[in-house]
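Only a predicted model underlies this, so the values are computations on that prediction, with no experimental measurement involved. Letters A, B, ... mirror the listed sequences (proteins, then strands); counts begin at 1.
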6 protein chains.
Amino acid sequence: MTDIAVCPGSFDPVTLGHLDVIQRAATRFEQVVVACLRNIGKSPLLEPDERIDLLRAATAHLGNVRTEAFDGLLVDFCRAHGATTIVKGLRAASDFENELKMAQMNAALGDVETLFMATNPRYSYLSSSLVKEVARFHGDIGAFVPEVVSRRLRERGDHGS
Amino acid sequence: MTDIAVCPGSFDPVTLGHLDVIQRAATRFEQVVVACLRNIGKSPLLEPDERIDLLRAATAHLGNVRTEAFDGLLVDFCRAHGATTIVKGLRAASDFENELKMAQMNAALGDVETLFMATNPRYSYLSSSLVKEVARFHGDIGAFVPEVVSRRLRERGDHGS
Amino acid sequence: MTDIAVCPGSFDPVTLGHLDVIQRAATRFEQVVVACLRNIGKSPLLEPDERIDLLRAATAHLGNVRTEAFDGLLVDFCRAHGATTIVKGLRAASDFENELKMAQMNAALGDVETLFMATNPRYSYLSSSLVKEVARFHGDIGAFVPEVVSRRLRERGDHGS
Amino acid sequence: MTDIAVCPGSFDPVTLGHLDVIQRAATRFEQVVVACLRNIGKSPLLEPDERIDLLRAATAHLGNVRTEAFDGLLVDFCRAHGATTIVKGLRAASDFENELKMAQMNAALGDVETLFMATNPRYSYLSSSLVKEVARFHGDIGAFVPEVVSRRLRERGDHGS
Amino acid sequence: MTDIAVCPGSFDPVTLGHLDVIQRAATRFEQVVVACLRNIGKSPLLEPDERIDLLRAATAHLGNVRTEAFDGLLVDFCRAHGATTIVKGLRAASDFENELKMAQMNAALGDVETLFMATNPRYSYLSSSLVKEVARFHGDIGAFVPEVVSRRLRERGDHGS
Amino acid sequence: MTDIAVCPGSFDPVTLGHLDVIQRAATRFEQVVVACLRNIGKSPLLEPDERIDLLRAATAHLGNVRTEAFDGLLVDFCRAHGATTIVKGLRAASDFENELKMAQMNAALGDVETLFMATNPRYSYLSSSLVKEVARFHGDIGAFVPEVVSRRLRERGDHGS
């Protein structure tokens with residue numbers, strides 16, 4: 001099988017759901033490149049460098065995973081990193097419909113295959129946007145994100161408990 | 001990555017949509033085992049042996065693909081064939097919801113990962129049940145199934161044109 | 001625009017939701033042919049002749065609507081009646097996914113266009129299978145079906161109130 | 001608030017997902033009546049009396065829950081038990097669409113309110129039909145059903161591990 | 001059952017669909033607190049105070065309903081008002097998927113139960129965003145909102161008819 | 001049947017999927033009016049005049065199709081053009097849910113019927129927003145839009161290949 005998989009996302013912030021998909025990809029591919037989208041529009045919680053930093057900290061235990069910033073088209077990112085496979089987690093039917101269109105367009109644009117994994121049921125309700133909202137109002141996000149993320153946000157004062 | 005993928009189904013009959021998924025899996029895994037469910041309940045078009053036979057004919061050009069009959073639990077089939085990966089195509093949101101449950105249950109039962117591929121848009125509307133109905137009423141299924149299948153059904157007289 | 005529309009279904013029994021779609025089609029097409037599927041498998045409430053009979057009674061006030069029995073492929077029925085348009089009501093996303101596949105297959109088989117209408121919200125929860133179950137247990141189906149249908153079922157004793 | 005809630009189902013067999021919904025209903029209503037459908041068609045795993053028996057054993061620790069057999073219309077069952085509320089769990093969008101129609105029809109038939117609870121994520125992939133299939137092929141269902149159910153099925157020999 | 005239910009929303013403006021859910025909650029709970037989100041981002045039609053004002057006018061006939069402004073996390077609002085139940089209406093499968101995630105997250109954050117009610121079919125197509133657009137272009141919203149709302153918008157000149 | 005159909009949209013830019021629906025509508029209605037929404041909010045790729053211009057160029061071969069700018073309520077646009085029918089393409093279940101609500105609201109507002117067509121499977125994954133993103137990053141959009149659109153964007157320098 002192809003040796004390099006790309007796991008793309010905004011990761012604002014990285015959740016336990018994301019980490020679960022990255023870890024499972026890492027057991028099946030020689031290398032995993034996490035592609036962290038720099039420009040994510042609408043009021044981010046974290047700056048790009050901070051999101052990348054946290055991803056690197058959260059995946060430090062995975063020897064074959066590295067994180068890179070990404071702008072532009074995902075098929076170009078894949079080509080630049082020698083990858084022909086994208087790996088994504090799916091939580092719900094509505095996720096699926098958008099992802100299906102993107103996967104079919106990426107196949108049309110660049111001969112890239114997208115492989116979807118079912119989210120671990122324990123994390124099926126997690127989304128960065130919900131976690132972000134909880135963090136903004138100083139709710140406890142410890143159950144939703146890697147430990148390094150909740151500690152960082154607590155230090156920053158975004159997260160009071 | 002794991003070297004053996006299992007592509008399960010009823011294949012009554014195998015369609016161009018199934019074949020597309022099998023072919024794409026075959027480019028990414030060392031071996032692909034097509035798992036053809038023997039007992040498929042409600043009024044099959046084809047007997048198990050005929051379904052398997054047609055799968056073998058339709059995949060004869062793929063050196064690393066073989067087809068086996070299958071009964072019982074898919075996780076047991078995977079274990080028996082040394083596979084830890086199931087590959088399935090997804091066409092629509094409703095497919096996804098059933099497949100998600102099955103993938104999560106198979107993960108709970110046997111530590112098997114299910115990887116989903118987006119159906120090629122050209123085949124997104126194909127399903128064995130629709131093709132079967134067309135074949136039963138002697139409609140022309142040439143655009144929906146591998147050539148070997150439409151020829152066989154024509155010889156059998158299930159398919160008149 | 002094409003002058004003949006086909007409204008297909010099982011109509012076991014015809015509901016106010018079906019009738020609403022047929023009436024709206026009748027204001028937009030010169031002729032509407034209601035195609036009543038004869039063979040509907042799983043324990044029908046009504047025999048084909050009775051279903052057709054009730055459809056004819058329920059649409060008697062619509063001068064440009066007629067009902068015909070139908071077996072086999074819908075595209076063949078359309079061809080036989082000189083129709084190139086199928087009209088169907090849609091209630092919910094899950095309806096849509098099946099109907100989309102059928103519409104795309106019918107377009108591939110016979111150059112027939114399927115036009116979908118949004119169900120009147122008042123009837124959005126009606127389905128023959130729910131109505132059938134209510135009728136079987138002698139619930140009052142007066143709010144769900146044309147008057148001629150509830151009267152007939154009451155006379156038959158399927159419907160006690 | 002109304003004091004009696006009805007939790008309907010086939011329970012073939014009762015799963016941890018069902019039990020979770022029944023328990024949560026029991027903390028919010030004075031009484032919960034579990035309505036176990038007798039006639040469930042397609043090849044049941046368990047006879048009605050056995051399903052009811054297992055429900056009673058699995059809910060024995062809940063003082064305000066009782067289980068009754070049920071045939072006919074759910075609104076009639078509710079009326080007979082003095083209940084105006086139905087409580088159901090929802091796992092996925094496809095569940096929701098069918099349940100929405102039933103809830104709206106039950107409201108039309110009998111002025112009964114249906115309240116839906118989100119399934120606990122841990123049980124989101126559980127369905128009786130998947131569990132039944134695993135049990136039939138002697139897979140280990142211990143993680144999916146109350147302990148009393150897996151023991152009973154093991155004793156019966158439906159479940160070998 | 002718990003005595004206080006919270007009905008959250010943006011209510012920009014309150015529609016007949018919202019009012020239907022609030023009324024049904026009011027027949028089943030001792031008290032209902034309508035939680036009106038202050039900060040609703042993208043170009044509101046009405047200011048927070050005006051939205052709250054209209055909610056109070058539209059629910060004035062319901063003795064056990066009161067409306068409060070709300071910012072921050074809904075679980076904190078519930079705690080502050082002694083409520084452990086959230087009541088929401090569901091119209092469509094896509095509503096459901098978002099609501100499911102929120103319900104599961106709120107359960108994780110604060111031991112709050114979300115109960116969903118099926119929208120009355122008559123109001124199933126109503127959404128504040130569609131109503132807002134109609135009001136902006138001086139369409140007649142009389143069939144979609146409580147009388148007090150259409151009068152107020154007419155006086156303001158947002159709504160010409 | 002009614003003689004004039006309205007095909008509304010933002011068309012930023014017009015895709016082959018849009019053009020397919022317009023062409024199919026043009027074979028069934030005497031006249032088709034493409035209603036191009038002027039004000040489309042969030043960072044458009046093309047100015048309204050440019051979008052209209054490209055629509056006119058892309059439909060120049062269709063004698064009974066014309067394009068007009070549109071602001072305000074679609075039902076008012078229909079009335080102004082003597083149309084009682086809206087024609088829209090549907091790609092996926094999530095499209096459908098929004099479109100269903102809009103169709104039901106437009107029926108309530110102005111006695112306008114919406115007819116939905118299934119997207120041609122080849123174009124099922126196309127959306128203006130995906131195409132826009134590809135164009136912004138100079139990806140090749142030749143397979144997704146009419147030739148006149150890709151040429152124009154190339155001349156503008158939005159599209160490098």
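With a 4.5 angstrom heavy-atom cutoff, Q104(D) touches chain C via backbone and side-chain atoms both. Both the backbone and the side chain of S124(C) come within contact range of chain D, judged by heavy atoms closer than 4.5 Å. Contacts of A143(C) with chain D are absent, with no heavy-atom separation under 4.5 Å from either backbone or side chain.
Taking a cutoff of 4.0 Å between a charged side-chain nitrogen and a carboxylate oxygen, E147(C) and R151(C) qualify as a salt bridge.
Shown here for R156(D) and L46(D), the closest heavy-atom pair between the two residues is NH1-CD2, 3.2 Å.
Looking at Q23(C) and H18(C), their side chains never bring a donor and an acceptor atom within 3.5 Å of each other.
The shortest distance between side-chain heavy atoms of E113(C) and L115(C) falls below 4.5 Å.
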